[in-house]
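Here's the structure we're looking at; comments come further down.
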Amino acid sequence: HPWWALLPPPLDVVVGLRQVHFLARHWAAVRGEAWEGDALAETYFPFISAPAFTLRKFVRTPSLWFWFSSEWPDWDVPLLRDPPRAASGAGALF
């Protein structure tokens with residue numbers, strides 16, 4: 001069905017695309033080559049090349065989604081806010 005194209009990609013596809021992008025950047029640096037860019041990741045689907053983010057941040061930041069949503073304002077939805085971080089050392093497991 002054509003409407004399936006409107007659904008977001010599954011998480012494993014997102015993770016895989018990000019891995020390929022960052023590994024390509026890493027190995028270009030290891031070989032001493034200048035990074036020539038990645039239009040797919042840097043222009044059309046910014047979430048691929050974005051620094052680390054949480055799923056909550058991804059959902060509330062449309063500028064990470066697609067090239068056509070790059071100018072959309074962030075959504076301030078209380079449910080999607082990241083929880084406050086514990087003070088240094090407090091609640092640490094290790």
Side-chain angles (χ1 to χ4, degrees):
H1 300 316
W3 60 267
W4 286 18
L6 299 175
L7 296 176
L11 191 56
D12 60 339
V13 173
V14 171
V15 170
L17 290 170
R18 287 178 56 82
Q19 286 178 336
V20 168
H21 173 77
F22 285 104
L23 283 171
R25 289 186 68 126
H26 168 76
W27 285 109
V30 167
R31 290 190 302 263
E33 299 173 357
W35 178 248
E36 296 180 14
D38 179 354
L40 181 70
E42 296 166 355
T43 304
Y44 299 112
F45 301 101
F47 67 87
I48 296 173
S49 62
F53 54 84
T54 63
L55 186 56
R56 288 178 180 181
K57 181 176 180 179
F58 178 72
V59 170
R60 69 176 189 258
T61 312
S63 61
L64 291 176
W65 302 348
F66 305 105
W67 70 98
F68 59 82
S69 63
S70 64
E71 302 297 323
W72 296 1
D74 290 353
W75 298 348
D76 186 21
V77 179
L79 179 66
L80 296 176
R81 290 185 188 142
D82 289 324
R85 301 188 126 211
S88 176
L93 297 176
F94 301 101

Nearest heavy-atom approach of F47 to W65 is CD2-O, 3.4 Å

Is there a side-chain contact between D76 and R81 (heavy atoms, below 4.5 Å)? yes

I'd like to know if F66 and V59 are part of one continuous hydrophobic network [Ile/Leu/Val/Met/Phe/Trp/Tyr, side-chain heavy atoms within less than 4.5 Å]. yes

Would you compute the distance between atom OG of S49 and atom CG of L17 and round it to the nearest 0.5 angstrom? 11.0 Å

Using the test side chain to side chain contact (heavy atoms under 4.5 Å, CB included), find all partners of Y44 that sit at least two apart in sequence or belong to another chain. A39, W67

Is it true that F58 and W75 fall in one hydrophobic cluster, defined by side-chain heavy atoms closer than 4.5 Å? yes

Got a list of side-chain donor-acceptor pairs under 3.5 Å for residues 23-31, not counting sequence neighbours?
| residue | atom | partner | partner atom | Å |
| --- | --- | --- | --- | --- |
| R31 | NE | E33 | OE2 | 3.1 |
| R31 | NH2 | E33 | OE1 | 3.3 |

Which residues pass the side chain to side chain contact (heavy atoms under 4.5 Å, CB included) test with D74, not counting sequence neighbours? T61, P62, S63

Pairs where residues 49-63 contributes a residue and the test salt bridge (Lys or Arg N to Asp or Glu O under 4.0 Å) is met, not counting sequence neighbours: R60-D82

Listed by chain and number, what are the side chain to side chain contact (heavy atoms under 4.5 Å, CB included) partners of A50, not counting sequence neighbours? R18, F53, L64

For F22, the ring pair (Phe, Tyr, Trp, His ring centres under 6.0 Å) test, sequence neighbours excluded, returns none

Are side-chain heavy atoms of F45 and H21 found at a separation under 4.5 Å? no

Are I48 and W35 in one and the same hydrophobic cluster, where Ile, Leu, Val, Met, Phe, Trp and Tyr link if side-chain heavy atoms are under 4.5 Å apart? no

